[in-house]
Asks: 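Encoded as structure tokens, here's the structure I'll be asking about.
As the structure is a prediction and not an experimental result, all values here were calculated from the model. Letters A, B, ... are given to chains in the order of the sequence lines, protein chains preceding strands, and every chain is numbered from 1.
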Amino acid sequence: MIEFENVAYSYGGAELFSQVSLTLAAGSFHFLTGPSGAGKTTLLKLCYGALQATAGHVRLFGDDAATMDRDAVALSRRRIGVVHQDCQFLDHLSVTDNIALPLTVSGRESEAVGNLEDLIGWVGLRGQAAQLPPELSGGERQRAALARAVIMSPDVIVADEPTGNVDWEMSQRLLTLLIELNRMGKTVIIATHDMNLIRTAKSQVSTRVLRLKDQRLMQAGVEL
Amino acid sequence: MKVDLARLFDLIAGDPQADRAVPPTGFTARLTLFTAGSMAFLAVFAMALSLATGRLADRWSAELARTSTLRISAPADQADAQLRAAITVLETTPGVAAARPLTADEQRALLAPWFGPDLPIEDLPIPQLIEIIEEGDGYDPTGLRARLQAEVPGAVLDDHNRWREPLVAAANRLRALGWLAIILIAGSTGAMITLAAQAALAANAQVIRVMRLVGARDIYIAGAFVRRFTLRALTGAAIGTLLGMFAIWLLPSTDVAGGFLTGLGFQGWHWLWPLVIPPLAAAVAFVATRAAALGTLKEQP
């Protein structure tokens, strides 16, 4: 799905990380941890083509991200659902319209009928479907963002601190949704500081925990 | 052509979903409408000026090029003899269709702007004027002057070239300036609409971020802005054009007041010319907004 080969990223002359090699295989479940400022969000952005590596190769579904044009990046994002900690919506559209936005921009609005209602029910937002995003609580926004991320039935789900702004109960609920998606065959990568979340996930699904530290990506203390 | 028409239809019909995704921004909408309207209003006047000066240049060229004047200054006792001799010379000159002495009334009318209508022309030593109408390629002025010098010593031939050419040149330059003004107006409109589009894009930065995040292609995002600005420019320019045409229509007619300025307007099918302005403004807006939108989007991840 997504491959990193000796990837480095520098910002303003300072190297954030380097020599990162990683493969997100189909159906895998990854956690990405590390101290603040280590580059977790940057690494996730490389996963969906929002940034370009300063060295090495990032391959999105087999294509080198460095050689993809903007249209190709846009099309690859339809296969990658993204959930941010500060999930952004179109505030003038209803929750339903926001969740359906990926279908809208890809000209597949007709697929929203039926599927959309089921999805809104799955994330528990039936009562908020007609509301505007600013009227939602933090947890409701995260669930709406998750629903938007999966409505296109993407191959990969990238979540950046998805539980950062919600209470424990809501974080467990979001994790359950992500595990369900993984069981459906989706590749999941979650950046988080929350070790309890990782422990809970490990008890339910096979996960791989990656750590970004000292400019290197490691697994179980071994540099990747 | 079919493809172009289909694209034009798509542009007008638009994508309601894409339009809904981009919220309208009141300030830029008003700015675009006002700019397009006022520029179209000015363009109507520039076009009217250009067409009027064009007509003037054509008229001066055509009328003055086909006529000339012979002036005979002779003592009173020789005036009739010199007039007859001049007519004889002119009637036998190839390229001269007709030669006609101006009557006393016609000469009085020519002098009336300077001396008033009651000038006792018969009592004054005023030269006799002969109007010469040319045919075909016209006469040979050098040859005619030589014959007149020999046979009518008091005759001076004025073929109008001396003052016709600068007048026609001036009218042609005015016409060119009118078209230049239209080009400048189109450029200014494009610049203003570009600024308005960039303001709208900046105001909708979050909308663009979200749409990119969910896989929207640049052309899809730009399309919502382009269609909106194109239609606004078309609407504003249509209003401005109609107001401009109405203002031109209100100008006094040539028959009432006479003179060049009152002829500043459209005649006959030339009234259709201003109808080109709204689609032109829409085309300018389309190109300007598309370039601004795609340029801005390229700067975003």
Asks: Looking at every heavy atom in both A:A74 and B:A216, which two are closest together, and how far apart are they?
Replies: CB-O, 3.7 Å
Asks: Go through it in stages, so that I can follow the logic: the residues are B:L213 and A:H84, the test is side-chain contact (heavy atoms from CB on, under 4.5 Å), and I'd like the CA-CA distance, side-chain angles, deciding distance and then a yes or no.
Replies: CA-CA 10 Å; B:L213 187 70; A:H84 279 298; 4.0 Å; yes
Asks: So B:Y220 and A:T104, do their side chains get closer than 4.5 Å, heavy atoms only?
Replies: yes
Asks: Using a cut-off of under 4.5 Å on heavy-atom pairs, state which of A:V73, A:N98, A:I80, A:L93 scores highest against chain B.
Replies: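 When all of A:V73, A:N98, A:I80, A:L93 are compared, A:L93 has the most.
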Asks: Just how far is it from atom CZ of A:R70 to atom CG of B:L297, taken to the nearest 0.5 Å?
Replies: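 If we round to the nearest 0.5 Å, A:R70:CZ and B:L297:CG are 6.5 Å apart.
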Asks: Other residues, nucleotides and ligands only: do more than 12 of their heavy atoms fall within 6.0 Å of CH2 on A:W122?
Replies: yes
Asks: Between atom CD of A:Q88 and atom CZ of B:R209, what is the distance when rounded to the nearest 0.5 Å?
Replies: 4.5 Å
Asks: Keeping A:R78 on the side-chain end and B:G215 on the backbone end, is there a donor-acceptor pair under 3.5 Å?
Replies: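 The answer is yes, because a donor-acceptor pair under 3.5 Å joins these two groups.
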Asks: Are more than 12 heavy atoms from other residues, nucleotides or ligands located less than 6.0 Å from atom CZ of B:F34?
Replies: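 12 or below, so no.
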Asks: Can you confirm whether A:R126 is buried at CZ, in the sense that more than 12 heavy atoms of other residues, nucleotides or ligands lie under 6.0 Å from that atom?
Replies: yes
Asks: Heavy-atom distance under 4.5 Å to chain A: side chain of B:I219, backbone, both or neither?
Replies: neither
Asks: Looking at B:W271, I'd like to know if its CH2 atom is crowded, meaning that more than 12 non-hydrogen atoms belonging to other residues, nucleotides or ligands lie closer than 6.0 Å.
Replies: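 Enclosed: over 12 neighbouring heavy atoms sit under 6.0 Å from CH2 of B:W271.
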Asks: Within a 6.0 Å radius of atom CZ on B:R217, are there more than 12 heavy atoms belonging to other residues, nucleotides or ligands?
Replies: no
Asks: Has the side chain of B:Q206 got a donor or acceptor atom that lies under 3.5 Å from a matching backbone atom of A:L90?
Replies: no
Asks: Who passes side-chain contact (heavy atoms from CB on, under 4.5 Å) against A:F31, sequence neighbours left out?
Replies: A:F29, A:L175, A:I190, A:T192, A:L197, A:I198, A:A201, A:T207, A:V209
Asks: Counting only non-hydrogen atoms closer than 4.5 Å, does A:R148 touch chain B with its backbone (N, CA, C, O), its side chain (CB onward), both, or neither?
Replies: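 Looking at A:R148, just its side chain touches chain B.
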Asks: Of all heavy-atom pairs between B:M211 and A:V105, which one has the smallest distance, and what is that distance?
Replies: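 Heavy-atom minimum between the residues: CE-CG1, 4.2 Å.
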Asks: What residues of residues 39-52 of chain A make heavy-atom contacts with chain B at a cutoff under 4.5 angstrom?
Replies: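 The stretch touches chain B at A:Y48, A:A50.
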